There are 2 protein chains.
Amino acid sequence: MILDAQPDMEVVAAVADGAEAVAEARRLRPDVCLLDIRMPKLDGLEVTRALAGPGVENPLRVVIVTTFDLDEYVYGALRSGATGFLLKDSGPTLLIEAVRAAAAGDALVSPSVTVRLLQHVAQPRRAPAPMNDPLTERELDVVRLIARGRTNQEVAAELFVSLSTVKTHLGSIFAKLGVRNRVEIAAWAWESGVVS
Amino acid sequence: MILDAQPDMEVVAAVADGAEAVAEARRLRPDVCLLDIRMPKLDGLEVTRALAGPGVENPLRVVIVTTFDLDEYVYGALRSGATGFLLKDSGPTLLIEAVRAAAAGDALVSPSVTVRLLQHVAQPRRAPAPMNDPLTERELDVVRLIARGRTNQEVAAELFVSLSTVKTHLGSIFAKLGVRNRVEIAAWAWESGVVS
DNA sequence: CTAGAGATCGGCCGTTCGGCCGATGCGGTC
DNA sequence: GACCGCATCGGCCGAACGGCCGATCTCTAG
């Protein structure tokens, strides 16, 4: 009703489950699809992948509308190809704007969800592990290369030092960060924004 | 005018440059500040850092409103502490919603900007290996644990399988992702959002 | 019924990792 | 001059990793 009341919008179909959604969307090819996540037969993420996922030739614009504000849903939806993510408490104004944005190829995400997305995009360096002892600049060089998957040998070559030196630095990093292997170094580097 | 017409909003000040913005915002402490980026004396990003940047004790909510749709502005604004980013062509509806969201501690970003942010958050882009072959659910279980720094032995214990099984899965993952060691798996997991 | 994909296991073997010892130089500070 | 943090190197060794082979079991699709 909200959308049909808009002069520039028309609701062309309403369906009861995910399988119907895929069938009707493929038949009618609407400008925008609104999908709930929890639906019978196929859930919203699977429908999204079918209609707009990577590898689909003429992807439709999909806006997810759901009551469930879970991070796994958000990332799942966006990775599946959704161009919008709305919580059902967003009000009619945002719903209309989200559809209009999707039709234009843009994306509108609920403000309460956006604020969490931005933390992942723009987080300044904050160590997840309590770091009483800061890393030296040289140790950070090693961390950055380790986090990109380089072996000790490759790190040594890229920093123009010997393998022994790299291993010494690694030992210091292990002690300072309180981690036990190089993958935990990589995880720390990604979480703290040392690499991105 | 647009904002003052809202029953739940009141414009308490309007200033001519960045220096004034900082002074008035500190004096009046409004619920939300709207800032342009290009301003005399201090630009919007510097003002944002002063009012809402990392390390500020009682940060204000800042919404950037600008005509310049540049990635460096977007990321700069969000890293500086902005809780919203609007383009001036967004229309009055989104402006009102952005202010309302900011007042609630949420964040609204222009749809045309959001669509680019989402590509950075949700698109697993990997030049050498565009993943023609998706990982199975079990392989993803292994990836998630590996990315958190678990050893093969620990992964085996947590998944209730043998060490051999973990190594077999790892071999498949190496082949599918086109990587050479477990740290590159971790890096892929963080980049693609499999872990966060 | 058959073929294939996926999950599960085992063994062998060379490479890499990480811990632990020690050592040298270089630049600061007290 | 003495001390100390930092970067640089070396050797040794056990554990972990990763490649390569083959194998069984289940489930699904044709």
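All figures in this text were calculated on a predicted structure; none of them were measured in a lab. Letters A, B, ... mirror the listed sequences (proteins, then strands); counts begin at 1.
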Under 3.5 Å: donor-acceptor pair, side chain of A:S192, backbone of A:W188 |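 Indeed, once roles are kept as given, a pair shorter than 3.5 Å links the two residues.
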Under 4.0 Å, heavy atoms only, any strand: does [X] hit a base, just the sugar-phosphate, or nothing?
X: B:S164; result: base
X: B:T165; result: base
X: B:T168; result: base

Can you tell me the distance, in whole Å, between the [atom1] atom of [X] and the [atom2] atom of [N]?
X: A:K167; N: D:dG10; atom1: NZ; atom2: P; value: 12 Å
X: B:L177; N: D:dG18; atom1: CG; atom2: C1'; value: 15 Å
X: A:R138; N: C:dG25; atom1: CZ; atom2: C1'; value: 15 Å
X: B:L159; N: C:dG6; atom1: CG; atom2: P; value: 18 Å
X: A:Q153; N: C:dG18; atom1: CD; atom2: C1'; value: 15 Å
X: B:E184; N: C:dC17; atom1: CD; atom2: C1'; value: 16 Å
X: A:R182; N: C:dT16; atom1: CZ; atom2: P; value: 11 Å
X: B:I185; N: D:dG18; atom1: CD1; atom2: C1'; value: 10 Å

Could you work out which one of D:dA7, D:dG18, C:dC9 sits closest to the side chain of A:E139?
->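 Selected nucleotide: D:dA7.
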Picking from C:dG18, D:dA16, D:dG18, which would you name as closest to the side chain of A:N181?
->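 In terms of side-chain proximity for A:N181, the closest of C:dG18, D:dA16, D:dG18 is C:dG18.
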Verify whether one side chain among B:S90 and B:S110 offers a donor that lies under 3.5 Å from an acceptor in the other.
->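 Per modelled atom types, B:S90 and B:S110 side chains form a pair under 3.5 Å.
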Are a donor atom and an acceptor atom from the side chains of B:S80 and B:R49 found within less than 3.5 Å of each other?
->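 Their side chains do contain a donor-acceptor pair, which is all the 3.5 Å distance test asks for.
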Evaluate the side chain to side chain contact (heavy atoms under 4.5 Å, CB included) criterion for residues B:E20 and B:D17: first the C-alpha distance (whole Å), next the side-chain angles of each, then the deciding distance (0.1 Å), finally the verdict.
-> CA-CA 6 Å; B:E20 268 188 68; B:D17 63 55; 3.7 Å; yes
Any side-chain N or O of [X] below 4.0 angstrom from OP1/OP2 of [N]?
X: B:N152; N: D:dC17; value: yes
X: B:H169; N: C:dG6; value: no
X: B:T136; N: C:dA7; value: yes
X: A:R180; N: C:dG18; value: no

Could you say whether B:L163 or B:E137 is positioned toward the 5' end of DNA chain C, judged by the nucleotide with the nearest heavy atom to each?
->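 It is B:E137 whose nearest nucleotide is closer to the 5' end.
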Are B:V12 and B:R27 close enough that some pair of their side-chain heavy atoms sits under 4.5 Å apart?
->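 Side-chain contact under 4.5 Å: no.
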Do the side chains of A:R100 and A:D106 get nearer than 4.5 Å, heavy atoms only?
->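 No - every pair of side-chain heavy atoms lies 4.5 Å or more apart.
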If an axis is fit to five pairs at each end of the helix from C:dC1-D:dG30 to C:dC30-D:dG1, what is the angle between the two, to the nearest 10°?
->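 Axis angle across the helix from C:dC1-D:dG30 to C:dC30-D:dG1, nearest 10°: 40°.
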Does B:V22 belong to the same Ile/Leu/Val/Met/Phe/Trp/Tyr cluster as B:L45, with side-chain heavy atoms less than 4.5 Å apart forming each link?
->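 As far as the 4.5 Å side-chain criterion goes, B:L45 and B:V22 are connected within one cluster.
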Same cluster (ILVMFWY, side-chain, under 4.5 Å), A:L140 and A:V155 |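 They do share one cluster, since a chain of ILVMFWY contacts under 4.5 Å joins A:L140 to A:V155.
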